[in-house]
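To find a chain, count down the sequence lines: A is the first, B the second, and so on, and within it residues start at 1.
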Amino acid sequence: MDIKAMRHSAAHIMAEAIKELHPNAQFAFGPETQNGFYYDVEIPGGSLTNEDLPKIEKIMKKIIKSKTPFHHRDVPRDEALELFKDQKYKVKTLNSLLKDEQSVSVYTQNGFVDLCRGPHVENTGNIGAFAMDKIAGAYWLGNAENEPLQRIYGICFATKEELKEYKKLLEEAKKRDHRVTGKKLDLFSFHDEGAGFVFWHPRGLTLFNLMVDFIREGYRKLGAQEIRTPEILSEELWHRSGHYENFKDDMYFTEADERRYAIKPMNCPGSILIYKEKLYSYRDLPLRLMEMGHVHRFELSGVLHGLFRVRAFTQDDGHIYCMPEQIEEEIKRFVESVFYTYSIFGFDDVSVFIATRPDQSIGSDEEWENATVALKNALEKNGVEYGIKEGEGAFYGPKIEFNVKDCLKRNWQLGTIQVDFSMPRRFDLEYVGSDSARHAPVLLHRAILGSLERFIGIYLEHVAGALPAWLAPVQAVVITIAEGQNEYARKLSEKLVGKGLRVETDFSPERMNKKIRNAQLQKIPYMIILGEKEVMDKNLSVRLRTGENINGITVEEFVDSVKEIIKNRSDTLWPE
RNA sequence: GCUGGCGUAGCUCAGCCGGUAGAGCAGCUGAUUUGUAAUCAGCAGGCCGGAGGUUCAAAUCCUCUCGCCAGCUCCA
């Protein structure tokens, strides 16, 4: 059965139910979604509330039970205008989107008529499992200047089992919320004094820095050299780069000595200034620079969301200056690096897209065409399958996007590599070719994780806070059973720290059980339990976070095993 | 930014058709010295996000403001 048709049909049934409750309800659009459907409605002089959802659901069930057929017919536009004369949004649609159509498609069930292209299921009985979900605000045509509407969401699946599974995933996602994990594991916080700005706590910053180390290592392997550029640069620079006219509303500005400055929302202009420091030969290219660039963007208050959407973040931002014929090779190397990096984090389901020219953009048609073809060629020659995202490129050039699926099957866009012919021209970038003439290099913008902050949020949810040994801010905690072992524990801990491990001790006057519980809640990978026995035998009893016990090993055996796990960036805690 | 909801102890939350605040956990103190996810008891802790207003009286009602949450829109 076509799940899309089913969900879309469910939207019609919901509309019929709403019309039963509110005969004068005005319906806008009601499409299917990834997990169900919604319908945008306006209740003249009133509104729907959460209490209405069960009522709607009840009526929908009745309609489904009736197994009423969906009738399809094509009617002339004039007739449709008459038919929908009481539905102002349908009339608007007929007079805009469908204004050139001779006849339009109409579906009817139970006397409820809707302007709709279809397709639909045969009858209302063909709806699998559904549930009303929530009510949210929306606007006609998604524009806040237009009429406010209410978007009524439902979820719908072919079977009850799938619906149940989906609800379980939602619950699981709620449990894994990185904002909660961040608080519980004492990683980061947010404060009213700076909405959208992350405060990294000691443990969170340890994680952050370990991530940075790993990314740096990857970029080094790609032959990139790290730079750092200022966060405040003159406003004029941003006019030149084109960022000002495209994003001035989303930028922070400041002033000093009567000169206007912008807090950088992007790293490329800074990198470009370094490139312009000297004249490069074609032999120097590709020149690969990278920067852990801290950028500020004045995001709308309503979009802020934990680490996912912040107003200041760190990009693993790379800029490659190369000749056009080098693009393919650079993309090839980058793609390999991206897949490798994601696999280390346990993201094995990666999809690739090419995003093409958006409405608001700079550069000539020819440049866009060339750049887009270059991206396609690079992917095709490397056997990478990809989809197309029409009009979703950057304003200066097309891009390849890398999406991963996490363990809850949610999609996240992470990495990107973008071809840019525009910026080099705007900044008069040059290199001397083998023909002794000066040419403009191509600029490739690339990022593997995109935003470190956002990636950490995604990853925390992916692993539910249980960080692998190589990333755990505290790798092991030494837990004593009685005070008598504290001195020995202190020495042991110091020894382990000396070996390069991140180890803490728990000397709190609590029982061992409580200390273990606390360590478990902190998701610390290794708990070293010290009692009289271990002190006597000079060996260790290790409890893994998974609950498994490794008893009677020497300190050396422990260190070697953990170091091997860390070196391999393994997601298991103990060697096989 | 827009629509709707929310803001009470360090944390999670109760109290809210008005009569100046409560629980659990965490913290502190004392007792307990304990073998793989919470020992017991006591103590302390809050200008109820901020500013105005209504009222004899405001955590509770109203206005504004800041922040958070769910969406919309946006994302170089």
> Which letter, B, S or -, goes with each nucleotide of nucleotides 71-76 of chain B from 5' to 3', with contact meaning a protein heavy atom under 4.0 Å?
Replying inline: BBBBBB

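- Along RNA chain B, the nucleotide nearest G194(A) and the nucleotide nearest I516(A) are compared for position; the residue whose nucleotide lies closer to the 5' end is I516(A).
- Remark: L304(A) CG to R311(A) CZ distance equals 4.5 Å, nearest 0.5 Å.
- Counting all heavy atoms, side chain and backbone alike, F29(A) lies closest to T93(A) at CZ-OG1, 3.8 Å.
- In this entry the distance linking CG of D40(A) with P of U3(B) reads 16 Å, nearest Å.
- Each of Y38(A), W140(A), Y39(A), Y89(A) was compared with F27(A) under the ring-ring contact (aromatic ring centres under 6.0 Å, His included) criterion, and only Y39(A) meets it.
- Within the nucleic acid shown, E532(A) comes within 4.0 Å of at least one base atom, counting heavy atoms only.
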> Can Y526(A) and F558(A) be said to form a side-chain contact (heavy atoms from CB on, under 4.5 Å), step by step?
Replying inline: CA-CA 10 Å; Y526(A) 306 99; F558(A) 174 73; 4.1 Å; yes

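- If you check every strand for non-hydrogen atoms under 4.0 Å, R179(A) touches sugar and phosphate atoms only.
- Looking only at distances, no side-chain donor or acceptor of N35(A) sits under 3.5 Å from a matching main-chain atom of I155(A).
- Rounded to a whole angstrom, the distance from the C1' atom of C13(B) to that of C69(B) is 16 Å.
- The residue S241(A) sits apart from the nucleic acid: no heavy atom pair falls under 4.0 Å.
- By the side chain to side chain contact (heavy atoms under 4.5 Å, CB included) test, E534(A) is found to be paired with L530(A), N539(A), S541(A), residues two or more places apart in sequence or in another chain being considered.
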> So what's the dot-bracket for RNA chain B: Watson-Crick or G-U pairs under 3.5 Å, [ ] if a pair crosses, | if it pairs off-strand?
Replying inline: (((((((..((((.....[..)))).(((((.......))))).....(((((..]....))))))))))))....

> Between V41(A) and R151(A), does a side-chain contact (heavy atoms from CB on, under 4.5 Å) hold up when you go through it step by step?
Replying inline: CA-CA 6 Å; V41(A) 302; R151(A) 183 163 295 180; over 6 Å; no

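- In terms of the side chain to side chain contact (heavy atoms under 4.5 Å, CB included) criterion, residue partners of T254(A) (sequence neighbours excluded) are, by chain and number, I232(A), Y261(A), I263(A).
- Side-chain N or O atoms of Q485(A) include one that pairs as donor or acceptor with a backbone N or O of I481(A) at under 3.5 Å.
- Atom CG of L304(A) is separated from atom P of A70(B) by 11 Å (rounded to the nearest Å).
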Protein N or O to nucleotides 7-13 of chain B N or O, pairs below 3.5 Å:
none

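- Under a 3.5 Å cut-off, the side chain of K264(A) and the backbone N or O of T229(A) do form a donor-acceptor pair.
- Under a 3.5 Å cut-off, the side chain of K90(A) and the backbone N or O of A28(A) do form a donor-acceptor pair.
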Check nucleotides 39-48 of chain B for protein N or O atoms closer than 3.5 Å to its own N or O atoms and list the pairs.
residue : atom : partner : partner atom : Å
U39(B)  : O4'  : R511(A) : NH1          : 3.2

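- Not a single donor-acceptor pair, N or O on each side, falls under 3.5 Å between the base of G35(B) and the side chain of Q485(A).
- N486(A) pairs in a side-chain hydrogen bond (donor to acceptor under 3.5 Å, both in side chains) with only one of the listed residues (D506(A), T480(A), T505(A)), which is T480(A).
- Counting any heavy atom pair closer than 4.0 Å across all strands shown, I479(A) reaches no nucleic acid atom.
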